[in-house]
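One structure below.
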Amino acid sequence: MTIALALHGGAGTLRRSDMDAELERAYRAGLEQALEAGHAVLRGGGAALDAVCAAVCALEDDPLFNAGRGSVFNLDGKQEMEAAVMDGIRQDAGSVAGLSGVRNPVLLARAVMERTPHVTLGYAAAEDFARRAGLEMRPPEYFHTDKRWQALLAEKERLANGGSDEDISEDRKHGTVGAVALDAQGRLAAATSTGGRTAKWPGRIGDTPVIGAGTWADAYCAVSATGHGEYFVRAAAGHEISARIRHLDETVAQACDAVVYGQLLTMGGTGGVVAVDRYGRVALPFNCEGMYRAAIDGAGLRTVAIYRGED
Ligand code: ASP
């Protein structure tokens with residue numbers, strides 16, 4: 001049976017010229033580690049849902065990526081994290097928003113799916129549920145990185161000088177992590193986790209926890225997105241990709257291209273997605289300069305890439 005896994009660690013203006021060799025190696029090592037964490041689950045006959053959670057937990061624990069540890073800060077200097085999971089066969093989903101203190105927000109999203117009658121929980125009540133569910137909690141210092149704090153200060157200054165919130169020219173300001181998988185039993189799943197956008201308004205909820213926008217899985221495909229979340233919500237990007245496969249008989253690559261390069265770019269939305277279909281075909285399109293990405297598709301083809309034109 002075919003297995004496949006794809007993941008991303010955020011998209012944006014990622015240029016070779018802005019990256020030093022050591023940092024680039026660290027990013028690639030982080031992607032490799034998450035790919036291995038997820039793919040090992042699939043190789044062992046495990047479920048797609050377990051594989052995407054394993055991959056996303058690895059990225060949440062890595063302070064280089066904007067999710068869990070290393071999340072960006074909002075305008076008030078707080079980290080408000082979000083995450084979602086979706087099980088494609090049962091078309092069941094769970095998501096969380098406005099979280100602080102939970103080491104792995106993706107596991108809380110999964111607990112919401114599996115252990116509550118709801119799809120989405122937010123803020124203090126979600127943190128209370130995390131404690132009751134026995135999830136690991138961490139103090140603020142665990143999540144704090146100087147890189148993200150400096151990015152907040154720089155962004156606040158830029159906004160104070162009349163800069164637009166639309167500008168995503170620096171990858172320090174945003175990012176997200178996510179994974180999609182097909183397991184040996186033909187099940188598809190998606191998971192996404194993020195700190196959102198630097199200097200976002202307190203209480204802002206992006207595309208990640210909005211099922212059908214930044215995260216989607218059904219019997220046809222699984223999708224996880226990264227980019228300017230407001231546009232992905234307005235385009236219902238994840239669901240739209242699946243709808244194109246179902247109704248127009250497009251391949252996963254065609255459907256992703258139509259949404260990422262067509263619909264989103266037309267609206268002004270930059271970013272990308274990782275997607276896998278029920279045949280193990282993988283698509284990793286992005287309409288900006290780069291996207292941290294990695295995959296092993298159903299044919300065994302392996303990708304670990306950052307910049308355009310690498311795969
Ligand atoms: N999609 C995320 C958000 O808007 C950020 C990103 O992926 O860059 O919250």
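Counting starts at 1 for both ligands and their atoms, in listed order.
- Backbone and side-chain nitrogen or oxygen atoms of G175 are examined, and one is located within less than 3.5 angstrom of a nitrogen or oxygen of ligand 1.
- Using a 4.0 Å cutoff on heavy atoms, R204 counts as a contact of ligand 1.
- Counting only N and O atoms by type, the side chains of T192 and T208 include no donor and acceptor under 3.5 Å apart.
- Contacts between E80 and ligand 1 below 4.0 angstrom, taking non-hydrogen atoms only, are absent altogether.
- The other members of the hydrophobic cluster of W201, by chain and number, are L75 (side-chain heavy atoms under 4.5 Å, ILVMFWY only).
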Intermediate values then yes/no, side-chain contact (heavy atoms from CB on, under 4.5 Å), L188 and V276: CA-CA 8 Å; L188 291 156; V276 61; 3.8 Å; yes
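- In terms of polar-atom proximity, defined here as any N/O pair under 3.5 Å, H228 makes no such contact with ligand 1.
- Residue T176 places at least one N or O, backbone or side chain, under 3.5 Å from an N or O of ligand 1.
- Those atoms of ligand 1 that come under 4.0 Å of a heavy atom in G196, given as number and element, are 5 (C), 9 (O).
- Residue M267 is grouped with residue V273 when hydrophobic side chains (ILVMFWY) are merged at heavy-atom distances under 4.5 angstrom, including chains of intermediate members.
- Between G229 and ligand 1, an N or O atom pair is found at a separation short of 3.5 Å.
- One side chain, S242 or D218, offers a donor N or O that lies under 3.5 Å from an acceptor on the other.
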Can L31 and F65 be said to form a side-chain contact (heavy atoms from CB on, under 4.5 Å), step by step? CA-CA 10 Å; L31 293 171; F65 298 98; 4.1 Å; yes
Pair R103-Y142, side-chain contact (heavy atoms from CB on, under 4.5 Å): steps then yes or no: CA-CA 9 Å; R103 174 180 167 185; Y142 169 84; 3.8 Å; yes
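- Residue contacts with ligand 1 include G227, since one or more of its heavy atoms lies under 4.0 Å from the ligand.
- The proximity of N66 to ligand 1, defined as any non-hydrogen pair under 4.0 Å, does not occur for either the backbone or the side chain.
- Under a 4.0 Å N-O distance rule, the pair D297/R302 does not qualify as a salt bridge.
- Any N or O atom pair closer than 3.5 Å counts here, and E82 shares no such pair with ligand 1.
- If you number the atoms of ligand 1 from 1 as listed, the ones under 4.0 Å from a heavy atom of R197 come out as 4 (O).
- With ligand atoms numbered from 1 in the order given, ligand 1 contributes 6 (C), 7 (O), 8 (O) to contacts under 4.0 Å with heavy atoms of T226.
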